[in-house]
Q: 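The structure follows.
Every number for a ligand or one of its atoms is a count from 1 in the order of the listing. Note that the numbering runs from 1 along the sequence shown for the chain.
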Amino acid sequence: MEKLSDNTQTSFEDIRRNYLGICENIARSGRDVRLMAVTKTVSPERINYAIDLGVSLLGENRVQEYLEKRESYKPAEVHFIGGLQTNKVKYIIDKVSMIHSVDSMRLAEEIDRRAAQHGIIMDILAEINIGGEETKGGITADSAGRFCSDVNEFPNVRLRGLMTIPPPNCSESVFADMQELFERLKVENSHNRENAAFDTLSMGMSGDYEAAIKYGATIVRIGSGLFGYRKYL
Ligand SMILES: *Cc1c(COP(=O)(O)O)cnc(C)c1O
């Protein structure tokens, strides 16, 4: 049960081995899945090493940490995946290409407003609380349809799909529920706007990404499985 090794101690060789293993598992699934390297608490040197290995997408989940760190690693595509307060949107709006964690109309509205100021259209995902956990944010499965159609009214956001963080050690049926919701909303949301591409299901982390892929994930978000465990866990 040695689990608390600090990821600043993970060797490059371990990162390489982890990366190749994950790529192999994704390839074996035969699906078109994008690997996101989740970089919270990971040093710029290790992030750069992952980029050199072939990682093309990074996930940042803390505004402050991202702003402090971003200039010290190589340019890469970055998505924001963490809880986002509306008053922080302005700091990242022009520094990420997608926001996965949109869990309220207020947040969507603020993203729309800030994107308009920058003359951009921001890709977003609706974060779904698929396990119906009371302590967690996210949109319930029941209100997801309404949320998506409301968000589609904003001219400067483009709803690209759904994201979820399922309960730890949940059964695979949760992934199946998520897939079903995604497929249903895809039909409902694909007609709404020209070029609309409701094609992204962000689901699966280090411990469950293979199950997530089985149920249609298109982006898996992997932190500790690539870089080693975080100390604060
Ligand atoms: C930390 C984090 C991950 C990665 O978790 P691991 O279990 O370390 O792979 C994925 N998604 C979000 C939103 C996270 O905050």
Side-chain angles (χ1 to χ4, degrees), residues 1-10 14-15 17-26 33-43 46-47 49-50 53 55-67 69-70 76-85 88-89 92 96-104 107 111 123-131 133 135-139 160-170 174-175 178 182 200-213 215-233:
M1 289 295 286
E2 225 316 54
K3 200 183 157 170
L4 296 178
S5 59
D6 169 357
N7 70 22
T8 61
Q9 305 297 318
T10 311
D14 284 337
I15 295 173
R17 188 168 339 106
N18 292 340
Y19 174 72
L20 294 175
I22 295 162
C23 289
E24 202 176 299
N25 287 336
I26 291 176
V33 179
R34 198 160 181 210
L35 167 63
M36 168 193 282
V38 176
T39 49
K40 62 183 173 236
T41 79
V42 178
S43 68
R46 284 174 173 74
I47 297 173
Y49 184 72
L53 286 173
V55 166
S56 66
L57 176 61
L58 307 182
E60 288 277 359
N61 72 339
R62 291 171 180 177
V63 171
Q64 191 61 33
E65 181 182 336
Y66 176 44
L67 295 176
K69 219 157 72 174
R70 62 187 287 272
E77 185 176 356
V78 176
H79 291 179
F80 194 80
I81 61 173
L84 183 57
Q85 291 169 277
K88 301 268 174 72
V89 171
I92 60 155
V96 298
S97 61
M98 192 185 287
I99 300 174
H100 289 218
S101 41
V102 180
D103 60 358
S104 74
L107 180 56
I111 293 169
D123 281 346
I124 65 166
L125 303 179
E127 181 173 348
I128 307 296
N129 182 348
I130 194 69
E133 295 165 283
T135 52
K136 222 183 233 177
I139 295 143
R160 294 293 305 273
L162 307 179
M163 176 269 216
T164 194
I165 308 173
N169 308 315
C170 66
V174 173
F175 293 105
M178 193 65 198
F182 177 66
T200 304
L201 178 55
S202 168
M203 166 168 96
M205 317 205 300
S206 297
D208 58 15
Y209 74 93
E210 288 175 272
I213 289 172
Y215 293 98
T218 66
I219 296 179
V220 291
R221 308 180 309 266
I222 301 191
S224 51
L226 182 60
F227 294 113
Y229 287 99
R230 298 174 291 277
K231 209 173 189 176
Y232 66 79
L233 268 180

Q: Would you call the rings of His79 and His100 parallel, tilted or perpendicular, where under 30° means parallel and over 60° means perpendicular?
A: tilted

Q: Should His100 be listed as contacting ligand 1, given a heavy-atom distance under 4.0 Å as the test?
A: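 Not so, His100 does not reach ligand 1.
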
Q: Taking the side chain as every heavy atom from C-beta outward, state whether Phe227 and Asn18 have any atom pair closer than 4.5 Å.
A: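 In short, these two side chains do not touch, never coming nearer than 4.5 Å.
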
Q: Using the side chain to side chain contact (heavy atoms under 4.5 Å, CB included) criterion, which residues pair with Thr8? Sequence neighbours excluded.
A: Asp6

Q: Between Ile165 and ligand 1, which part of the residue brings a heavy atom under 4.0 Å of the ligand: side chain, backbone, both or neither?
A: side chain

Q: Would you kindly specify which portion of Asn61 sits under 4.0 Å from ligand 1, judged on non-hydrogen atoms: side chain, backbone, both or neither?
A: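 Looking at Asn61 and ligand 1, just side chain atoms fall under 4.0 Å.
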
Q: Do any N or O atoms from the side chain of Arg221 and from the backbone of Val38 form a donor-acceptor pair under 3.5 angstrom?
A: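 No; judged by distance alone, with no hydrogens or angles, the pair does not exist.
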
Q: With heavy-atom distances below 4.0 Å as the criterion, list the atoms of ligand 1 near Ile222.
A: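 What qualifies from ligand 1 is 9 (O).
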
Q: As an exercise, identify every atom of ligand 1 less than 4.0 angstrom from a heavy atom of Gly223.
A: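 Reading through ligand 1 atom by atom, the close ones are 4 (C), 6 (P), 8 (O), 9 (O).
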
Q: Return the option from Met163, Lys40, Glu127 holding the heavy atom at the smallest distance from atom 2 (C) of ligand 1.
A: Lys40

Q: Out of curiosity, Leu20 CG to Leu53 CG, how far, rounded to the nearest 0.5 Å?
A: 7.0 Å

